Amino acid sequence: MTALKNDTFLRALQRQPTAYTPVWLMRQAGRYLPEYNQTRARAGDFLSLCKNPDLATEVTLQPLARFPLDAAILFSDILTVPDAMGLGLYFSQGEGPKFERPLREEWAIRDLAVPDPETHLRYVMDAVSQIRRALDNQVPLIGFSGSPFTLACYMIEGGSSQDFAQVKAMLYQRPELLHHILDVNARAVTAYLNAQIESGAQAVMIFDTWGGVLSHAAYHEFSLRYIERIVAGLKREHAGAAVPNIVFTKGGGHWLESIAATGCDAVGLDWTVDIGLARERVGAKVALQGNLDPAVLFAAPEVIRTEVARILERFGPGSGHVFNLGHGIAQHTPPDHVSALVEAVHQLSGKYHA
Ligand code: 1CP
């Protein structure tokens, strides 16, 4: 195995010295790129794109061909796991993800089983190994999964939701049922992420997009507890290299100390937190990833540069920061503005790394 040409991202996650602050962007491959829309049209629809390793490899590499990003992220979706559990994922035009068989009956919940990633999610493992070959060690590849709670939100609601009424009703009325789903999900996610690592993912990230809708007590009991179990079960090394992990709870700013205490290597921050204060709270324990408001990318390049400078300045000198957005890139983001962002991070961050 030849060495990575750019290991800045992996070093920053482990708080080792780097020459500059690495940057990648959540949803860096997606609908804001015209070439993505073309490949998706060739695939037919989004799910067929995810299930075709050749095309998934193609779209993973698209943002890297345009911008000097410091990491690639597997092109897939968090909802492939419940799909592999038999819930029947589909995407209806303009309406986002939906499940044909959401978890509505107790027997269906009791029947839920952990899918074998090597068979039921073979197409993801094939995409991971194919992307690694195509990357040729230029930058590391990030694998990912949803958190048990975030997956449960979609599995119970049957799709996106404004208020998570059904999940919350179950949480308060039938907590043992929700715990059962979360237990299966946690075992599924652990096996899935470890399989991605064995297929070649060099870091992994857990997306807890909806943990932030919970109360303080419910967050710890129903989301973080299961994330902690996953972190404890993750492989930390593969092929002689460390495999760092990142935990991101959107809206999790109040809980940074608890998140850092899960044993993860890095904590993702949304844009509501001051990264300097976050570093004071947990920076001795974990690296931080974030946290530019994705809406900044609608402003002019000079404004983007100012906002990038502000975050770099607030984090301050030393390693342990991976620059990113506080959530995914919005669909109508101008690609030129993404160039301005990546350039600003690389140009302005050198002075913080003596
Ligand atoms: O129409 C299209 O082409 C589909 C749009 C799209 C894309 C580009 C979806 C549907 N998923 C993705 C890719 C995706 N999803 C990636 C790819 C890697 C990258 O470039 O970052 C990743 C990491 C995800 C993860 C994901 N999917 C999350 C967690 C992160 C987040 O954004 O909060 C969630 C919640 C999903 C569910 C999902 N899949 C797709 C959509 C539109 C959604 C969100 C639905 C909702 O708002 O509830």
Side-chain angles (χ1 to χ4, degrees), residues 23-52 55-64 66-67 69 71-83 87 89-99 102 124 127-128 131 141-164 167 189 192-193 196 201 203-213 223 246-252 268-271 289-290 294 324-333 338:
V23 53
W24 71 278
L25 306 172
M26 291 191 259
R27 294 275 172 99
Q28 62 190 25
R31 289 171 292 183
Y32 76 105
L33 290 178
E35 58 272 33
Y36 168 82
N37 293 316
Q38 280 174 16
T39 310
R40 189 176 91 150
R42 269 203 282 141
D45 57 51
F46 172 71
L47 205 53
S48 311
L49 179 54
C50 291
K51 291 188 175 181
N52 180 322
L55 297 182
T57 301
E58 188 176 306
V59 294
T60 299
L61 299 183
Q62 285 170 348
L64 292 134
R66 274 191 187 247
F67 320 115
L69 295 157
I73 180 161
L74 161 71
F75 188 83
S76 189
D77 196 80
I78 62 166
L79 301 177
T80 54
V81 169
D83 184 54
L87 273 65
L89 176 64
Y90 67 100
F91 283 80
S92 55
Q93 207 57 42
E95 278 190 85
K98 292 246 188 310
F99 285 109
V124 177
V128 169
I131 295 163
L141 175 63
I142 306 165
F144 70 91
S145 174
S147 72
F149 178 74
T150 291
L151 295 179
C153 285
Y154 290 95
M155 293 161 77
I156 294 163
E157 300 287 342
S160 301
S161 172
Q162 297 285 340
D163 53 8
F164 301 95
V167 183
V189 169
Y192 181 53
L193 288 176
Q196 290 184 34
V204 291
M205 174 153 166
I206 299 170
F207 286 90
D208 186 26
T209 305
W210 302 121
V213 307
S223 187
I246 309 161
V247 173
F248 171 57
T249 292
K250 183 161 176 275
L269 303 175
D270 68 25
W271 63 86
Q289 176 173 278
N324 205 316
L325 302 176
H327 197 206
I329 299 188
Q331 187 182 351
H332 301 291
T333 300
V338 175

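Bear in mind that the values here come from a model prediction, so they are computed numbers and not experimental data. Order of listing sets the numbers, starting from 1, for every ligand and every atom in it.
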Legend entry - Close side-chain approach of Pro82 to Tyr154, heavy-atom, < 4.5 Å: no

Legend entry - Pairs meeting criterion salt bridge (Lys or Arg N to Asp or Glu O under 4.0 Å) with involvement of residues 32-49, two or more places apart: Glu35-Arg66, Arg42-Glu58

Inset, instruction - Have a look at Pro63, Gly328, Ser76, Gly146 and point out the one with the heavy atom closest to atom 16 (C) of ligand 1. - result: Ser76

Inset, instruction - State, with a plain yes or no, whether a side-chain heavy atom of Ser147 is found less than 4.5 Å away from one of Trp210. - result: no

Inset, instruction - Report yes if the distance between the aromatic ring centroids of Phe144 and Phe207 is under 6.0 Å, otherwise no. - result: yes

Legend entry - Winner among Phe46, Tyr154, Trp210 once heavy atoms are compared against atom 35 (C) of ligand 1: Tyr154

Legend entry - Intermediate values then yes/no, side-chain hydrogen bond (donor to acceptor under 3.5 Å, both in side chains), Gln196 and Ser145: CA-CA 10 Å; Gln196 290 184 34; Ser145 174; over 6 Å; no

Inset, instruction - For the residue pair Asp208 and Val247, establish whether any side-chain heavy-atom pair is separated by less than 4.5 Å. - result: no

Legend entry - Closest approach of any protein heavy atom to atom 18 (C) of ligand 1, naming residue and atom: Leu74 O, 3.5 Å

Inset, instruction - List every atom of ligand 1 that sits less than 4.0 Å from any heavy atom of Phe207, numbering the atoms from 1 in the order shown and giving each element. - result: 23 (C), 29 (C), 30 (C)

Legend entry - atom 40 (C) of ligand 1 [closest protein heavy-atom partner, distance rounded to 0.1 Å]: Asp77 OD1, 3.6 Å

Legend entry - Side-chain heavy-atom pair Val124, Tyr192 within 4.5 angstrom cut-off: yes

Inset, instruction - Could you tell me whether ligand 1 has any atom less than 4.0 Å away from a heavy atom of Phe248? - result: no

Inset, instruction - Pull out every atom of ligand 1 sitting under 4.0 Å from any heavy atom of Ile73, numbered as shown with elements. - result: 18 (C), 19 (C), 20 (O), 21 (O)

Legend entry - Nearest neighbour of atom 42 (C) of ligand 1 from the list His327, Arg31, Arg40, on a heavy-atom basis: Arg31

Inset, instruction - Ignoring angles and geometry beyond distance, decide whether Tyr36 reaches within less than 3.5 Å of ligand 1 through its nitrogen or oxygen atoms. - result: yes

Inset, instruction - Around atom 10 (C) of ligand 1, find the nearest protein heavy atom and jot down its residue, atom name and distance. - result: Phe91 CE2, 3.4 Å

Inset, instruction - Can you pull out the closest protein heavy atom to atom 45 (C) of ligand 1? Residue, atom name and distance to 0.1 Å, please. - result: Ser160 OG, 3.4 Å

Legend entry - Under 4.0 Å to a heavy atom of Thr209 - the qualifying atoms of ligand 1, by number: 29 (C), 30 (C), 31 (C), 33 (O), 35 (C)

Legend entry - For atom 34 (C) of ligand 1, the option (of Asn37, Ile206, Ile78) bearing the nearest heavy atom: Ile78

Legend entry - Side-chain heavy-atom pair Phe75, Ile131 within 4.5 angstrom cut-off: no

Inset, instruction - Could you tell me whether the side chain of Leu193 reaches within less than 4.5 Å of the side chain of Ile206, counting heavy atoms only? - result: yes

Legend entry - ligand 1 contact on Leu49 by region, counting heavy-atom pairs under 4.0 Å: neither

Inset, instruction - Give the atoms of ligand 1, by number and element, whose distance to some non-hydrogen atom of Gln28 is under 4.0 Å. - result: 19 (C), 20 (O), 21 (O)

Inset, instruction - Taking the side chain as every heavy atom from C-beta outward, state whether Arg27 and Tyr32 have any atom pair closer than 4.5 Å. - result: no

Inset, instruction - Work out whether the distance between some heavy atom of Ala29 and some atom of ligand 1 is less than 4.0 Å. - result: yes

Legend entry - Which residue and heavy atom of the protein sit nearest atom 22 (C) of ligand 1, plus the separation: Phe144 CZ, 3.6 Å

Inset, instruction - Could I get the full list of salt bridge (charged side-chain N to carboxylate O under 4.0 Å, His left out) partners for Arg31, not counting sequence neighbours? - result: none

Legend entry - Within-shell test, Thr60 vs ligand 1, heavy atom, strictly < 4.0 Å: no

Inset, instruction - Look only at interatomic distance and state if Arg27 has a nitrogen or oxygen under 3.5 Å from any nitrogen or oxygen of ligand 1. - result: yes

Legend entry - Heavy-atom side-chain proximity of Phe99 to Leu79 below 4.5 angstrom: yes

